[in-house]
2 protein chains.
Amino acid sequence: MITRTRLTNVSHGQAALNAGVLATQVQLFDNVPVGGASMTFERNAEIYGEGESADYVYKVLSGSVRAYRVLSDGRRQISAFHLPGDVFGIEPGKEHSSSAEAIDKATVLVVRRSAVFNSADSNSDVARHLWSITAAELKRSQNHALLLIKTAKERIAAFLLDMSERLAVKGFVELPMSRQDIADYLGLTIETVSRTLTLLSEGSTIQFLASRRIVLRNASQLNELNA
Amino acid sequence: MITRTRLTNVSHGQAALNAGVLATQVQLFDNVPVGGASMTFERNAEIYGEGESADYVYKVLSGSVRAYRVLSDGRRQISAFHLPGDVFGIEPGKEHSSSAEAIDKATVLVVRRSAVFNSADSNSDVARHLWSITAAELKRSQNHALLLIKTAKERIAAFLLDMSERLAVKGFVELPMSRQDIADYLGLTIETVSRTLTLLSEGSTIQFLASRRIVLRNASQLNELNA
DNA sequence: CGGGGTCTTGAATATCGTCAATCGGCGTGG
DNA sequence: CCACGCCGATTGACGATATTCAAGACCCCG
């Protein structure tokens with residue numbers, strides 16, 4: 001399953017940061033005094049690249065973001081989809097171990113990593129919050145790994161349920177990402193994703209309004225698939 | 001791929017904790033004043049179970065530990081193997097989201113979760129360390145997910161290289177875990193693991209001294225597989 | 001030596017991947 | 001306003017990789 005990714009090179013440095021900045025009162029963490037600047041990224045624009053210095057931490061304000069790694073032969077693994085409210089880009093090391101791109105037009109709060117860490121040193125609330133976000137991400141990652149041992153049908157079901165929950169519109173999902181993105185997240189091919197969705201639709205577990213607008217007709221059936 | 005797991009019920013409560021305790025100066029984190037008690041678990045003994053209250057944090061002193069989750073139909077996913085020096089059992093929530101068992105006879109340092117967190121509140125070094133352990137675990141989990149999209153040969157190669165590094169005996173690994181454990185970690189069946197190892201052996205990439213004692217004859221070949 | 005668990009090997013099958021063609025929605029421009 | 005073209009999604013036929021089911025070998029411990 002080899003998927004070569006077109007790279008839209010819209011990386012940002014200091015200059016870009018200053019360019020797209022909006023004054024903001026939005027906080028990285030709730031109730032915690034770490035401010036930042038907001039930036040908007042176009043569809044498929046790179047937010048950061050694997051190996052780049054991890055000087056900033058991000059929070060999705062609107063739109064959606066994919067984090068991914070690419071193997072030497074072009075296979076791409078999407079490790080997470082980040083939706084509004086999600087914090088991302090926090091790394092254990094000095095460098096980003098994955099890349100991040102806007103899936104659609106996305107606005108993101110950008111905070112200097114050092115600001116967060118300094119704040120954590122003197123304020124245990126910030127430290128606690130920082131830890132709990134990382135721990136939650138760990139849990140998500142473990143759930144993701146759990147997905148990857150399941151059958152195609154189960155993966156799709158779990159994906160739809162997850163998206164439905166996170167997008168918080170009960171019984172309906174408007175997917176921001178392409179079939180290819182879904183495939184790379186679930187460790188499947190685009191064809192298998194498409195076929196499996198068609199199957200679920202034929203069994204009237206789901207219903208398509210459009211290819212990315214899906215009604216969950218039978219959520220309990222999806223849950224059963226979610227072994 | 002259904003693997004029902006025999007459960008050796010050797011869970012521990014307060015009583016067990018007090019029973020197996022050894023006085024110890026060993027620290028949970030390096031250079032950080034959070035002590036604890038050590039306990040020894042027999043092969044296949046449960047250290048904690050999914051859903052149990054996560055009151056303790058652990059560090060492997062000797063032996064090895066598997067952390068895993070079981071799906072309703074019996075499929076088991078091993079999320080991590082913990083070797084001496086590894087901290088495990090830290091959870092974002094109140095409950096353990098996975099189970100942990102000793103793979104072989106294992107001695108483990110046990111520290112009250114509350115002690116660690118209280119210490120983190122007043123000591124930013126502890127807080128930093130706590131975060132960095134969690135973040136490192138996140139990175140490991142992401143690497144694990146990356147494994148699961150590869151071919152069987154690539155997964156086995158990556159696994160052997162990882163174990164070789166972590167066991168720190170260059171060019172040779174003595175595996176503590178069974179083929180079934182490896183299979184459940186790599187998202188393969190025991191037969192595929194066995195066959196793939198045989199293949200690597202036939203291509204003289206590796207050499208068996210015994211089924212769990214393996215010489216890495218050609219590490220660069222393994223690295224190439226590690227796409 | 002014997003027995004139980006672990007591991008290996010074999011043959012048949014199933015699921016998912018690959019390759020290829022077509023469909024369909026959408027924006028653009030004539 | 002309709003036609004064209006493009007990109008994303010679907011569908012089909014075929015093939016490969018890993019699973020399943022089954023049998024037997026190996027090995028350690030008693």
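Within every chain, numbering begins at 1; the chains are lettered A, B, ... in the order of the sequence lines, protein sequences first and strands thereafter.
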task = Tell me, please, whether B:Phe81 has B:Arg66 positioned over its six-membered ring: NZ or CZ under 6.0 Å from the ring centre and within 45 degrees of its axis?
result = no
ask   = Between B:Arg195 and C:dT9, is there a side-chain N or O to OP1/OP2 distance below 4.0 Å?
value = no
query = So, is A:Arg43 near the phosphate of D:dC7, with a side-chain N or O under 4.0 Å from OP1 or OP2?
reply = no
request  = Would you check if the distance from the ring center of A:Tyr58 to the ring center of A:Tyr48 is below 6.0 Å?
outcome  = yes
message = Can a side-chain donor-acceptor contact be found between A:Ser204 and A:Asn218 if the only test is distance below 3.5 angstrom?
response = no
task = Take atom CZ of B:Arg179 and atom C1' of C:dT6, then tell me their distance rounded to the nearest Å.
result = 9 Å
request  = Among the candidates D:dA18, C:dG17, C:dT8, find the nucleotide nearest to the side-chain atoms of A:Leu188.
outcome  = C:dG17
key: Rounded interatomic separation in angstrom, taking CD1 from A:Ile214 and P from D:dA9   = 10 Å
ask   = Does the side chain of B:Gln207 pick up a donor-acceptor pair with the side chain of B:Arg217 at under 3.5 Å?
value = yes
query = Can a salt bridge be assigned to the pair A:Asp55 and A:Arg113 using a cut-off of 4.0 Å between side-chain N and carboxylate O?
reply = no
query = Roughly how many Å is it from CG in A:Leu209 to P in C:dG24, rounded to a whole number?
reply = 17 Å
query = Closer than 4.0 Å, any side-chain N/O of B:Thr189 to the OP1 or OP2 of D:dT19?
reply = yes
query = Do the side-chain N or O atoms of B:Ser194 get closer than 4.0 angstrom to the phosphate oxygens (OP1, OP2) of C:dT8?
reply = yes
ask   = Of all the nucleotides listed (D:dT11, D:dT20, C:dT6), which has the minimum atom distance to the side chain of A:Glu191?
value = D:dT11
request  = Using a 4.0 Å heavy-atom cut-off across all strands, classify B:Ser211 as base, sugar-phosphate, or nothing.
outcome  = sugar-phosphate
task = Kindly say if A:Arg155 contacts the phosphate of C:dC16, meaning a side-chain N or O under 4.0 Å from OP1 or OP2.
result = no
query = Can you check the B:Glu202 CD to C:dT9 P distance for me, whole Å?
reply = 7 Å
ask   = So, is A:Ser178 close to the D:dG8 phosphate, meaning a side-chain N or O under 4.0 Å from OP1 or OP2?
value = no
request  = Let me know the distance between CZ of B:Phe208 and P of C:dT9, rounded to the nearest Å.
outcome  = 9 Å
task = Would you mind reading off the distance between A:Lys150 atom NZ and C:dC16 atom C1', rounded to a whole angstrom?
result = 18 Å
ask   = How long is the line joining CD1 of B:Ile206 and P of C:dC7, in whole Å?
value = 14 Å
message = Counting only side-chain nitrogens and oxygens, does B:Thr198 get under 4.0 Å of the OP1 or OP2 atom of C:dT9?
response = yes
message = Rounding to an integer number of Å, can you tell me how far A:Leu148 CG sits from C:dC16 C1'?
response = 14 Å
ask   = Looking at the side chain of A:Thr192, which of D:dT10, C:dC16, C:dC7 is the nearest nucleotide?
value = C:dC16
query = Counting side-chain heavy atoms from C-beta on, which of C:dT8, D:dT10, D:dA18 comes nearest to B:Ile190?
reply = C:dT8
message = Do the side chains of B:Arg76 and B:Asp181 get close enough for a salt bridge, i.e. N-O under 4.0 angstrom?
response = yes
key: Donor/acceptor link under 3.5 angstrom from A:Gln180 side chain onto base of D:dC7   = no
